[in-house]
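Only this structure's heavy atoms are used, side chains among them; waters, hydrogens and symmetry mates stay out. Numbered from 1 within each chain, the chains take letters A, B, ... in sequence-line order.
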Amino acid sequence: GAVVSQHPSWVICKSGTSVKIECRSLDFQATTMFWYRQFPKQSLMLMATSNEGSKATYEQGVEKDKFLINHASLTLSTLTVTSAHPEDSSFYICSAQRGGPSGLDTQYFGPGTRLTVL
Amino acid sequence: EDQVTQSPEALRLQEGESSSLNCSYTVSGLRGLFWYRQDPGKGPEFLFTLYSAGEEKEKERLKATLTKKESFLHITAPKPEDSATYLCAVQAWRETSGSRLTFGEGTQLTVNP
């Protein structure tokens, strides 16, 4: 299989606090992980690409100082939402990329983290 | 710019009523097309990868096909547990962005018993 876990599954925090979300690939190594955000009834929006041992690449419009990404090992990436505000409330999903046949990489997704900022 | 359009947005079927979901795409240098299933409040679950036109893959009641412009997800004799949002995504290599996925908006499938 290709199992990706996320922790926590849900979190409620006060405005102004920071929240860290962990993403782990449990049975394979992932040099590349991705972080997405999903609003109700909408598709996934890519926030950033995380490469092990190097700085993350952020999509246009995503504040790198607000959404800190650290890819510390081949099985772990973390997303820290700094000084969270109610507008940061959302469903955050990570994925880990695994190489496959013909050199094609498949992204396997975690179960997601529901963040609510009061 | 890569584009993926899924239709219909929503589909209601009776149990056992077969149908198809469509994914049209415009991409330069397609490396692969992916189908995922997403249940409410959960992350997408990988279903299929299709690499080239003419390719077909099957899994239980699902069958995915690919042409040069679109992909179909055929659902044969669906059951209520097939109810979910089905997402289509394309992957193309880009020098600036690597092998990122571009997702469609999804088709929300409801199968009534």
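Enclosure of atom CZ in A:Arg114 by more than 12 non-hydrogen atoms of other residues, nucleotides or ligands within 6.0 angstrom is indicated. Residue B:Lys57 qualifies as enclosed at atom NZ: its count of foreign heavy atoms under 6.0 Å is above 12. Within 6.0 Å of NE2 on A:His85 lie more than 12 heavy atoms contributed by other residues, nucleotides or ligands. Heavy-atom neighbours of A:Lys66 NZ from other residues, nucleotides or ligands within 6.0 Å: above the threshold of 12. In the displayed structure, B:Glu9 atom CD is contacted under 6.0 Å by at most 12 heavy atoms of other residues, nucleotides or ligands.
Smallest separation of non-hydrogen atoms from B:Gly104 and A:Ser43: O-OG, 2.7 Å. Heavy-atom minimum distance, B:Phe34 versus A:Asp105: CZ-O, 3.3 Å.
Comparing A:Gln97, A:Lys41, A:Gln6 by how many heavy-atom pairs each has under 4.5 Å with chain B, the most go to A:Gln97. When each of B:Gly41, B:Ala89, B:Gly106 is scored by its heavy-atom pairs under 4.5 Å with chain A, the top score falls to B:Gly41. Ranked by heavy-atom pairs shorter than 4.5 Å toward chain A, the options B:Gln108, B:Glu45, B:Gln38 are led by B:Gln38.
Note that CG of B:Leu101 is 9.5 Å distant from CG of A:Leu44, once rounded to the nearest 0.5 Å. Rounding to the nearest 0.5 Å places CZ of B:Arg100 at 10.0 Å from CD of A:Gln107.
Taken together through direct or relayed side-chain contacts under 4.5 Å among Ile, Leu, Val, Met, Phe, Trp and Tyr, A:Met45 and A:Tyr58 form parts of separate hydrophobic clusters.
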